[in-house]
Visitor: 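Below is one structure. I have some questions about it.
Convention: sequence-line order gives letters A, B, ...; per-chain numbering from 1.
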2 protein chains.
Amino acid sequence: MATVSRALNRTGYVKSGTLEKIEQAMDELGYIPNRQARAMVGGITRTIGVLVPDMDNSLFMRIVQAINDAAYRHDYTLLVMDSRGEAQREAKIVRAMQELRVDGLILFGTPGTAQVIESMKPQGPVIILDRLVTHFAGPQISVNHYDGAKTAVRLLLKHCRYPPAFIAGPAHIWSAQQRLNGYCDALRDQDLPAVLERIEYADFTYQAGYSAMNKLFSRVPDLDGVFAVNDLAALGAMKAIYERGLGCPDDVHLVGFDDIHAARYVTPSLTTIRQPMESIGRTAVDILRKQIRGETVETTPIVLPGELIFRESC
Amino acid sequence: MATVSRALNRTGYVKSGTLEKIEQAMDELGYIPNRQARAMVGGITRTIGVLVPDMDNSLFMRIVQAINDAAYRHDYTLLVMDSRGEAQREAKIVRAMQELRVDGLILFGTPGTAQVIESMKPQGPVIILDRLVTHFAGPQISVNHYDGAKTAVRLLLKHCRYPPAFIAGPAHIWSAQQRLNGYCDALRDQDLPAVLERIEYADFTYQAGYSAMNKLFSRVPDLDGVFAVNDLAALGAMKAIYERGLGCPDDVHLVGFDDIHAARYVTPSLTTIRQPMESIGRTAVDILRKQIRGETVETTPIVLPGELIFRESC
DNA sequence: TTGAAAGCGCTAACAC
DNA sequence: GTGTTAGCGCTTTCAA
């Protein structure tokens with residue numbers, strides 16, 4: 001038994017003849033080693049848990065894809081689950097992953113995440129992505145929402161005669177808040193006030209972007225530029241613009257945030273701030289691996305720059 | 001030890017006082033049962049492996065979401081990995097999942113899937129989704145590609161003066177082949193021949209749809225209707241249509257397949273055949289659970305009807 | 001109603 | 001180079 005184990009793990013000496021015999025036997029018997037048994041004695045499972053609030057969100061999944069690729073490179077298997085944004089479900093899934101003894105956990109921040117982490121014992125390393133959580137001591141990674149928003153608004157200011165409007169996100173979500181700050185400060189830098197009239201709140205959906213845009217139209221007469229908190233909302237806004245018989249960018253300049261696929265597919269294609277999804281995912285796995293190895297890591301949030309993607313809408 | 005085990009699993013008798021003491025101790029110690037150890041003796045892991053060729057494909061992920069929800073309801077945890085469409089990677093991931101002793105496996109069919117399954121020993125149940133595989137003896141689930149295509153083409157025939165063109169998928173992919181057959185037969189039903197001139201091959205991408213449409217334009221003078229093998233290709237086609245200064249549906253009627261989110265977001269919104277993603281996912285888990293319980297299941301492919309979604313493009 | 005003991009498949013330490 | 005043994009955390013007899 002021990003010799004087989006040594007052969008399998010290529011640890012210690014095994015005579016080449018014996019090795020062959022072992023390999024042949026494994027083949028004949030269709031033997032597949034049991035990783036759980038391995039994990040029982042070794043302590044590590046080579047699995048990483050990933051918890052997403054919405055598996056049908058291209059932004060999230062492209063980050064997960066990057067995680068997937070990095071994990072694959074390092075021979076890790078991913079447990080991915082969708083909490084559907086429900087805090088209770090999030091808690092149950094985290095628990096299940098702990099019972100499965102994942103080596104590390106990657107969570108996308110939701111309003112409930114802080115509490116979920118609070119209430120669970122710190123079994124192994126945890127990393128939070130995208131929407132950061134204030135009362136969390138571990139590593140966190142996100143795009144620089146603030147700078148990205150500023151860049152977007154500066155671009156609009158270059159093209160527009162009037163101060164751009166903002167379709168904002170829910171006030172209690174950290175990333176939305178950051179983008180709002182960026183919007184306000186970019187205006188302030190030009191000695192323009194951020195007036196309430198030009199800000200309309202929406203959640204991150206297409207529908208909400210559509211109605212927000214309509215509300216802005218009915219309220220603001222001199223409207224020739226809009227920054228939307230994310231691409232989905234921007235797409236909704238675009239719909240509203242075209243329904244009024246107006247055009248993009250001729251009548252209204254439009255900039256989104258995220259760079260989801262649809263941004264490239266629509267006509268006119270959407271100018272946006274691209275999140276560095278690939279490096280968010282890769283960095284997450286890198287840090288996790290360091291933590292798994294027992295090294296200590298920086299716990300101040302890592303903030304990666306977004307990239308302005310020029311397309312047709314602005 | 002045995003008593004604790006009984007308490008945890010609520011199997012056998014435990015005095016209520018003892019139960020309380022156990023629960024209190026678990027709390028104090030932050031005890032989290034080890035599912036792997038459990039699985040070692042029990043044989044089942046309550047995990048399901050899911051292998052996707054592209055995690056950033058809304059069609060796939062909405063099916064996975066349905067799988068996720070069904071799995072959650074029945075207390076299963078999902079191992080989801082993205083093979084990036086590479087056969088070799090697919091094989092390695094399946095292997096890893098077998099080593100982890102998943103109770104069942106759900107695969108999205110790719111050109112390489114048949115061989116991967118062939119070469120791996122049948123450890124536990126396997127289900128194949130979406131693109132069926134001919135030499136596979138287990139259960140398979142997909143939309144009725146053929147009927148869906150027929151429905152789409154019939155709709156186009158109603159609105160168009162000329163026989164609609166078809167932006168086809170790769171010939172070696174089963175689902176694409178089915179949709180092509182549907183296209184041809186729908187024409188034939190109206191005593192119209194399916195002429196090669198009106199068929200342009202593309203893969204399932206936006207880019208390919210775009211160039212395919214341009215080729216059709218340059219080849220077919222009387223073009224007022226197009227059926228695209230999937231929504232992404234349809235969106236690319238739409239771009240080409242608008243670039244020519246034409247409109248949808250005024251000049252060219254357009255129908256897609258799948259009903260990805262973007263279909264609703266674009267202007268004009270895309271008429272399409274919706275895949276029953278929710279029921280594909282739910283059914284997959286239902287069948288898997290049956291198989292895990294040891295029941296025998298139907299192995300003739302389950303073919304679910306698609307749904308025509310009327311929007312603006314046709 | 002509880003405890004003792006065996007064993008799930010593996011690795012690591014040690015002896016041979 | 002290879003075999004023996006103990007033990008990872010649990011469930012399941014079987015006895016008490």
Visitor: In whole angstrom, give the distance that lies between atom CZ of B/Arg38 and atom C1' of C/dG9.
Guide: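 Result: 19 Å.
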Visitor: Quick one: does NZ or CZ of A/Arg89 land under 6.0 Å from the six-membered ring centre of B/Tyr72, within 45 degrees of the ring axis?
Guide: yes
Visitor: For the helix from C/dT1-D/dA16 to C/dC16-D/dG1, how many degrees between its two end axes (five pairs per end), to the nearest 10°?
Guide: 40°
Visitor: Among D/dT2, C/dC10, D/dG9, which is the nearest nucleotide to the side chain of A/Asn34?
Guide: C/dC10
Visitor: Taking atom types as modelled, find out whether B/Thr113 and B/Glu90 have a side-chain donor-acceptor pair closer than 3.5 angstrom.
Guide: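 Yes, a side-chain donor-acceptor pair sits under 3.5 Å.
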Visitor: Taking only the side-chain heavy atoms of A/Ala2 (C-beta and beyond), determine which of D/dC8, D/dT4, C/dC10 contains the nearest atom.
Guide: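 When the side chain of A/Ala2 is considered, D/dT4 is the closest of D/dC8, D/dT4, C/dC10.
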Visitor: Quickly work out the A/Met26 CE to C/dC10 C1' distance and round it to whole Å.
Guide: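 These atoms are roughly 14 Å apart.
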Visitor: Among C/dT2, C/dG7, C/dC10, which is the nearest nucleotide to the side chain of B/Val41?
Guide: C/dG7
Visitor: Can you find a side-chain donor-acceptor pair between B/Glu20 and B/Gln24 that sits under 3.5 Å?
Guide: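 Checked: B/Glu20/B/Gln24 side chains show no N/O donor-acceptor pair below 3.5 Å.
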Visitor: Would you mind listing every salt bridge (Lys or Arg N to Asp or Glu O under 4.0 Å) that reaches into residues 130-140 of chain A, with sequence neighbours excluded?
Guide: none
Visitor: What I want to find out is whether A/Glu23 reaches A/Arg10 closely enough, with some N-O distance under 4.0 Å, to be called a salt bridge.
Guide: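 Yes.
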Visitor: Do B/Val133 and B/Ile128 come close enough that some side-chain heavy atom pair is under 4.5 Å?
Guide: yes
Visitor: Is the backbone N or O of B/Val64 less than 3.5 Å from a side-chain atom of B/Asn68, with the two atoms forming a donor-acceptor pair by type?
Guide: no
Visitor: Starting from P on C/dG9, measure out to CD on B/Gln98 and report it in whole angstrom.
Guide: 16 Å
Visitor: To the nearest Å, give me how far apart CE (B/Met40) and C1' (C/dC8) are.
Guide: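 Going from CE in B/Met40 over to C1' in C/dC8 covers 4 Å.
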Visitor: Calculate the interatomic distance between B/Met1 atom CE and D/dG7 atom C1'; express it in whole Å.
Guide: 12 Å
Visitor: Roughly how many Å is it from CZ in B/Arg35 to P in D/dT11, rounded to a whole number?
Guide: 12 Å
Visitor: If I take atom CD in residue B/Gln36 and atom C1' in nucleotide C/dT11, what distance separates them, rounded to the nearest angstrom?
Guide: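 These atoms are roughly 15 Å apart.
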Visitor: Hey, are A/Gln178 and A/Asn144 close enough side-chain-wise for a donor-acceptor pair under 3.5 Å?
Guide: no
Visitor: Give, ordered by number, those residues of residues 5-24 of chain B having at least one heavy-atom distance below 4.0 Å to an atom of DNA chain D; if nothing qualifies, reply none.
Guide: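 Output list: B/Ser5, B/Asn9.
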Visitor: Do A/Gln65 and B/Asp56 meet the criterion of a side-chain donor-acceptor pair at a distance under 3.5 Å?
Guide: no
